[in-house]
Each structure stands twice: as C-alpha cells, then as structure tokens.
2 protein chains.
Amino acid sequence: MSHNNSNVVELVDQYMTIAMLKMPEIRAHVDTVTALRAFIKAGEYRPGDRLPSERDLIGRLALTRSALRKAFDVLEREGSIWRHVGKGTFVASTEPQNGSGSLAELILQVTPITLMRARLSLEPAIAREAAINASEDAISSLTMISQRTQAADNWDDYELFDDQFHRAIGISAENPLLLSLFDHLNAVRRGVAWKTVVRSSVRPACDHTSFAEHDKILAGIEARDPSAAHAAMRTHLVSVSNRLFGDA
Amino acid sequence: MSHNNSNVVELVDQYMTIAMLKMPEIRAHVDTVTALRAFIKAGEYRPGDRLPSERDLIGRLALTRSALRKAFDVLEREGSIWRHVGKGTFVASTEPQNGSGSLAELILQVTPITLMRARLSLEPAIAREAAINASEDAISSLTMISQRTQAADNWDDYELFDDQFHRAIGISAENPLLLSLFDHLNAVRRGVAWKTVVRSSVRPACDHTSFAEHDKILAGIEARDPSAAHAAMRTHLVSVSNRLFGDA
DNA sequence: AATTTAAATCAATCGAAACCAATTCAAACC
DNA sequence: GGTTTGAATTGGTTTCGATTGATTTAAATT
C-alpha cells in the first residue's frame, strides 16, 4: 500500500485542525508545552542543567502538576529533556559532544554481547603483544596483581583486581595505541554498568577457576609464548562470557 | 558460541533500561572525576604519594563525601589510585593515564611500527567478525568499493578507497563498539601519517598486488569464513607493512 | 460521564552524620 | 629496649531525613 505524500500531510492537517477546534484540551497542552519551552529558553538553562522541581515549577508557572507533567511527557518523548526520580528534570544535550557524547551514544548502542565480542576481538591480541613486548617490571607487576586477586575475599575486590589485571596486560603490551584502544573499550564497559542488574542479586561466589585462567595468561606472557597468551586470554573471556550469559 | 535467544533478548532489554537510566548519572560523575584528576595533577602528587584524606578533600573541593567517593571509585577502577582503610588514598605507581590523554598526545607517542602492530592486532579480528555478521548490503557495499579501488589511477585515489575499504569492513562487523575502536585507531593513523614526512616523498607506485589481497579479504567475508577473512587481512597488513618499512 | 485537579503515597536518590574496622603513633609500662 | 594500650586518623558502611519524579485516589469541574 502506497500513499501519496501530500495526501497524508493534508489529512494530518485536517485532523489537527478539527481536533484542535473540537478538543480544546489538546490545544491547552500545546500551550503549556510552548510555555515550558519558553521558560527553559528564558532561564538560559544549558544542556545538562537541572530545571526546578515540579513542585516548584507549578508555583512559578501557575500550572497544575498533572498539566505540567503532561507537558514534560511531550518534551521527554521528543528528547529535549530527561528526568529521573530523586534527581530531577534536566535539559538534554542538543547535540552529543564528540568527547563524551559519542561515548554516551555508544553505550546506548552497545549490548552486553556486542561488548563481549569486541573484548574477544581485542584483548587476546593485546595479550599476544604483551607476550612479545612485556618488560620484566611489567611482568612482576602482573604477578603482584594476580596474587592480590587470589587474596581477594569478596566479589567487589575480585572484580577490582580483575580490572587491574586486564589493564596491566594492556600496559605490558608496551604499545600506547593498543592501551588507548583498551581504555576506550573499558570506558564503554564501565558505562554499561549492567553489573547492578546481573550481579547485585545473583552474585556468584568467588570461584577459583578464573584464578587458574589468569595464571595461564600470565604463564603465557612470562614464557614469551604469544600464541599461548592469546589462547589463554580467549579462553578466559569465553569463560567470563559463559558465567555472565549462562552456558549455551 | 550460541546463545539462547530469550536470554539474549532479556539481557539486552535489561541493558537498555539500565543504560538509559544511568547515562545521565555517568555524565554527572564525569565532572567530579575530571575535577579530581585536575587536583591531583595540580598538586603534583607523584606516584606513591598520599592524597589528602577524604574528609579533608571535601572541604577543599566543595564536594560531598559520597560524591567524592564515587569519583574515587572510578579512579580506582581505572587503576590510577589505590586506597586502604586506615592508611589513605595513594596515586598508583603507574602514573601515565592514557585514558584521559588527548589524541594529539597519543599521536606523539605512536611510531609507525607501533601503529602497524596495533592494526595487526585489531583489524584481522574485525575482519573475522565481519565474516560472521556482515549483512548482504554491507557485502555489496564492500564489493563496490573494491571495484572502485581497482579503477583508481593515481595514488591519492587509491589511498582514499583503501581507507574506505577498511572502514567498510569495520561497518560490516555490525558492532558499533568495534567500529568505534577502528575509528579511534584510524584517527591516530591519520595523525601519524601526517607526522612522518617520509611517506609523502617515497610514494610507492600503484601496485596491483594489494588488489588481490583486498579481493581475498572480501572473498573470505562473502564465504562467511572467519578464519580466511582473518588470515587475509593479516596477510594484507603484513604486505602493507613490508611495503612501508621494507622486508626484513 | 468523563476529565482534570489536588492530595496522599511510593520509590529512588542524595547528603549529612554516626558508626565500623583497619592502621598509625605515641605514651605508658614492664 | 620491647611490649602494650589507647586515642586519633582513615577508608568503608549504615542510617535517617529531605527532596524529587512517578503513581494512585478521591473530590471537583465541565
């Protein structure tokens, strides 16, 4: 089914006119929305700024709370504000800035599985480079972190040390560009913050299988065996993936 | 690895919700984190030095303790600080923070060889993902670019199309995070290329061996053969490397 | 009869303060 | 000199009240 474009526009236009005439409440909503837009513009609220609370605004704008909220609903739907319980209502960034904006945008697009595939693409290769280029200092640092990881007696500590271990491998690769790529990936990973869902309730016990996996990676790097380090890192990540998503 | 579909959908859904809720929060924290980084840098704290206590810092930086601690959480995860009850908060021994380092700074540190090692680490893996995930549209786009590359009659055009070809593979991987990593690497590559004047003078003739290499990569992706795509990309990059640096 | 308003209530978040546990350090003691 | 003890300090945790957006409910209005 294909419609003539102008026809559609015409129909919509007719509808709008009739609706606005016959249902004054719609017209009222439009007014409060434009009034809100004017308020935001006049207040010179910059993207990211917090607007006054709803209970405050109804006083200043002589509005009902429900009317105000309906107008906010429209603005939220069109993406010009975002709100959150306990924090407030904020004006959205009109144009995602290249620096952190693209990162935030990325976080929205990246699913946990996408993230894991990216890790599986990058980190084994980094481990391979680490096996080739790691300095003695870097290796001893890795060993130290690995020991600290095994000494962790709670999940939070373990997670922290695990992060440090992986980044230490990134450092061991002795390649600032690779490290930068790793950091970029890690920033996205941190932003995802899905751990609050998966792990806060189902918090797996501090299992010792991953200790062995870490050791295997470390052994590969110490032995200057790129393939072994690559394979060990891949195995480790697959294991992590299985722990998160459940075995297939 | 094959996943249960419902599981995946569930996870993705959870992720989306969380991300959309937490994104503004992340944005808010970024400010305090950068403020903390600035404080550490301005105070000229050397690796291993102890920072002022939290109760002291909240006075100087006009922060809440909880806000300060959240920012410290980020820095700790990043590995740039280390803290322990009763002792204090210390800046980590590995000071260089590439995470916040600017692109320009990175370009200065990256040599052509470092760059090529990074490409060899990342791009074959991306080609592998492309072989798995590329859509028909993406493949036909790749084919088109490849044909245009062969039609190039001067080096500038060839270079341009080569760039497009490699990025199109990044797109074909259907992984926004991997594509972002590729773009990051590519941004550095452009900077490094600019830096090394050598390349503009010693400009190898438009050779046709790399056409065959491109075709091989494309064939691997079309055949949905991840290993072949990976190997072909690796071979291609090694060939490029040899052309730039000379065979060993 | 249907919608809007007004108030109460819920749930998430933050900030302040109290409290906890690890560490340090110095005075007291043997 | 060596040990013990206890106060002070520090990062970590809990708790409580206030605030905010979200939701429900009953009265009011049209």
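All chains are named by letter (A, B, ...) in the order of the sequence lines, taking the proteins before the strands, and each is independently numbered beginning at 1. For clarity, every value in this text was computed on a predicted model and none was experimentally measured.
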| request: In sequence, state the C-alpha distance, the side-chain angles, and the governing distance for Ile221(A) and Ile169(A), and then conclude on side-chain contact (heavy atoms from CB on, under 4.5 Å). | output: CA-CA 9 Å; Ile221(A) 294 175; Ile169(A) 291 176; 4.2 Å; yes
| field | Distance, rounded to the nearest Å, where Arg69(B) contributes CZ and dT14(D) contributes P | value |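 Interatomic distance, CZ of Arg69(B) to P of dT14(D): 11 Å.
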| said: What is the separation between atom NZ on Lys70(A) and atom P on dA22(D), rounded to the nearest whole Å? | reply: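 Value for this atom pair: 15 Å.
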| field | Proximity to the side chain of Val85(A) - top-ranked nucleotide from dA11(C), dT13(C), dG11(D) | value |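 Side chain of Val85(A) sits closest to dA11(C).
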| request: Taking only the side-chain heavy atoms of Lys87(A) (C-beta and beyond), determine which of dT5(C), dT13(C), dG15(C) contains the nearest atom. | output: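 My answer, after comparing the listed nucleotides, is dT13(C).
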| request: Show the numbers, then the answer: is there a salt bridge (charged side-chain N to carboxylate O under 4.0 Å, His left out) between Asp56(A) and Arg60(A)? | output: CA-CA 7 Å; Asp56(A) 186 356; Arg60(A) 301 200 207 182; 3.1 Å; yes
| query | Any donor-acceptor pair under 3.5 Å between the side chain of Arg65(A) and the base of dA22(D)? | reply |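 Result: at least one qualifying N/O pair found.
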| query | Which ones in residues 50-64 of chain A lie close to DNA chain C, meaning a heavy atom under 4.0 Å from one of its atoms? | reply |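 Output list: Arg55(A), Thr64(A).
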| Hey, what's the ring geometry for His184(A) with His184(B), parallel, tilted or perpendicular (30° and 60° as the breaks)? |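 Aromatic pair His184(A)/His184(B) classed tilted.
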| query | Taking the inter-plane angle between the rings of His214(A) and His236(A) on a 0 to 90° scale, is it parallel (under 30°), tilted (30 to 60°) or perpendicular (over 60°)? | reply |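 Judged by the thresholds at 30° and 60°, the geometry between His214(A) and His236(A) is perpendicular.
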| Just to confirm, is there a sub-4.0 Å distance from OP1 or OP2 of dT23(C) to any side-chain nitrogen or oxygen of His84(B)? |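 So the side chain of His84(B) is within the cut-off, an N or O lying under 4.0 Å from OP1 or OP2 of dT23(C).
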| query | Given dT5(C), is OP1 or OP2 found less than 4.0 Å from the side-chain N or O atoms of Ser66(A)? | reply |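 So the side chain of Ser66(A) is within the cut-off, an N or O lying under 4.0 Å from OP1 or OP2 of dT5(C).
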